[in-house]
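Input: a single structure, listed below in structure tokens.
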Amino acid sequence: MEPKQFKKIFGAIASENGFQSQYGGWFKESSECLLILTLQKSTHSNLYYLNIKVYINGMLQDKYVNSKDLTQNFPGNIFRRQPPGFDDVFDLEVPMTDEERVKEVNSFFNDFVMPFAQKALSKDGIIELWKENLIFLTPFDKSFLEIKT
């Protein structure tokens, strides 16, 4: 599968799952948080990394509004990548038919992205993600979220 085709398929599946496309990424928002997904291509191979950024309203800004800077330049209040078990989905050098890769991207959304997004769009959910060791929180993040450790 060619890189452009992979990005197109990823974007279509993101849209099917309620993400909106803007500034070269895909986002979902709630009253509490903004979640942005972007694909970053390796400079050395046909490997992609999924950048997952969460901006928590009230932490550093009253309300985050998706923008080119947030999508392309800043890491978010919380940043992570795809879990290691899904690396083959993003490595276009791993032999896989186009149909298999589409199926794998759909599985990735069903098994990881959507459950993660559901939690990442609320402060209580972010605390759950931290307790499940799915994200790292700085002491400042913990203080803002009123987590006692």
Side-chain angles (χ1 to χ4, degrees), residues 1-59 64-68 70-138 141-142 144-147 149:
M1 178 175 287
E2 294 298 315
K4 284 184 181 182
Q5 184 183 9
F6 177 73
K7 285 181 75 171
K8 184 177 179 180
I9 287 168
F10 186 92
I13 293 169
S15 295
E16 289 168 9
N17 282 280
F19 283 83
Q20 296 176 350
S21 175
Q22 193 173 35
Y23 307 115
W26 302 271
F27 75 98
K28 272 186 178 247
E29 60 187 333
S30 70
S31 62
E32 295 184 22
C33 301
L34 172 66
L35 172 72
I36 299 174
L37 307 176
T38 60
L39 288 171
Q40 179 181 343
K41 187 172 179 312
S42 168
T43 56
H44 304 291
S45 67
N46 279 330
L47 171 68
Y48 280 92
Y49 302 99
L50 180 65
N51 298 323
I52 304 167
K53 308 172 187 187
V54 180
Y55 295 91
I56 305 169
N57 292 330
M59 184 174 273
Y64 286 97
V65 177
N66 193 27
S67 67
K68 187 174 183 177
L70 294 182
T71 301
Q72 296 180 4
N73 299 326
F74 299 118
N77 303 122
I78 298 167
F79 178 88
R80 72 158 292 156
R81 294 242 165 102
Q82 74 268 14
F86 293 100
D87 286 342
D88 285 357
V89 174
F90 294 91
D91 187 348
L92 303 185
E93 295 180 9
V94 170
M96 198 179 297
T97 67
D98 290 356
E99 293 78 22
E100 289 170 329
R101 193 162 311 272
V102 168
K103 182 180 176 187
E104 291 297 315
V105 172
N106 271 308
S107 293
F108 173 69
F109 268 84
N110 292 333
D111 297 343
F112 177 75
V113 173
M114 296 312 295
F116 182 91
Q118 182 178 2
K119 291 180 182 177
L121 288 171
S122 75
K123 292 173 187 171
D124 289 340
I126 289 169
I127 293 168
E128 282 184 51
L129 291 170
W130 173 73
K131 287 179 179 177
E132 295 168 2
N133 291 317
L134 293 175
I135 59 171
F136 172 79
L137 295 176
T138 67
D141 299 333
K142 292 176 192 172
F144 177 79
L145 295 168
E146 299 178 354
I147 297 173
T149 54

Report task. May I ask you to say whether Glu128 pairs ionically with Lys119, meaning some side-chain N is under 4.0 Å from a carboxylate O? Result -> yes
Would you find a donor on one side and an acceptor on the other, under 3.5 Å apart, between the side chain of [X] and the backbone of [Y]?
X: Glu104; Y: Val89; answer: no
X: Asn17; Y: Ile13; answer: yes
X: Gln82; Y: Leu50; answer: yes
X: Gln72; Y: Tyr23; answer: yes
X: Asn77; Y: Ile56; answer: yes
X: Ser30; Y: Leu121; answer: yes
X: Lys53; Y: Leu70; answer: yes

**Report entry** Atom CD of Gln118: over 12 foreign heavy atoms under 6.0 Å
**Finding:** no
Answer yes if the ring centres of [X] and [Y] are under 6.0 angstrom apart, and no otherwise.
X: Phe10; Y: Phe109; result: yes
X: Tyr55; Y: Tyr64; result: yes
X: Phe19; Y: Phe27; result: no

**Report entry** Residue pair Ser107 / Asn110, side-chain donor-acceptor N/O under 3.5 Å
**Finding:**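 Absent: no donor and acceptor within the cut-off.
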Query raised in the report: Do Ser31 and Asn57 have side-chain atoms, one donor and one acceptor, less than 3.5 Å apart?
Result: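 No, Asn57 and Ser31 have no side-chain donor paired with an acceptor closer than 3.5 Å.
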Requested in this report: Under the ring-ring contact (aromatic ring centres under 6.0 Å, His included) rule, what do Phe108 and Phe90 come out as? Steps first, then yes or no, please.
Outcome: CA-CA 10 Å; Phe108 173 69; Phe90 294 91; 5.1 Å; yes
Query raised in the report: In Å, rounded to the nearest 0.5 Å, how long is the span from NZ of Lys28 to SG of Cys33?
Result: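 One gets 13.0 Å once the value is rounded to the nearest 0.5 Å.
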Query - Pairwise distance CG(Asp124) to CG(Leu145) - rounded to 0.5 angstrom - result: 9.0 Å
Query raised in the report: Under the side-chain hydrogen bond (donor to acceptor under 3.5 Å, both in side chains) test, which residues partner Glu146, sequence neighbours left out?
Result: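 Scan of Glu146 (side-chain hydrogen bond (donor to acceptor under 3.5 Å, both in side chains), adjacent residues dropped) gives none.
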**Report entry** Minimum heavy-atom distance between Asp87 and Pro83, given as atom pair plus value
**Finding:** OD1-O, 3.8 Å
Query raised in the report: Residues in side-chain contact (heavy atoms from CB on, under 4.5 Å) with Leu134, at least two apart?
Result: Arg80, Leu129, Glu132
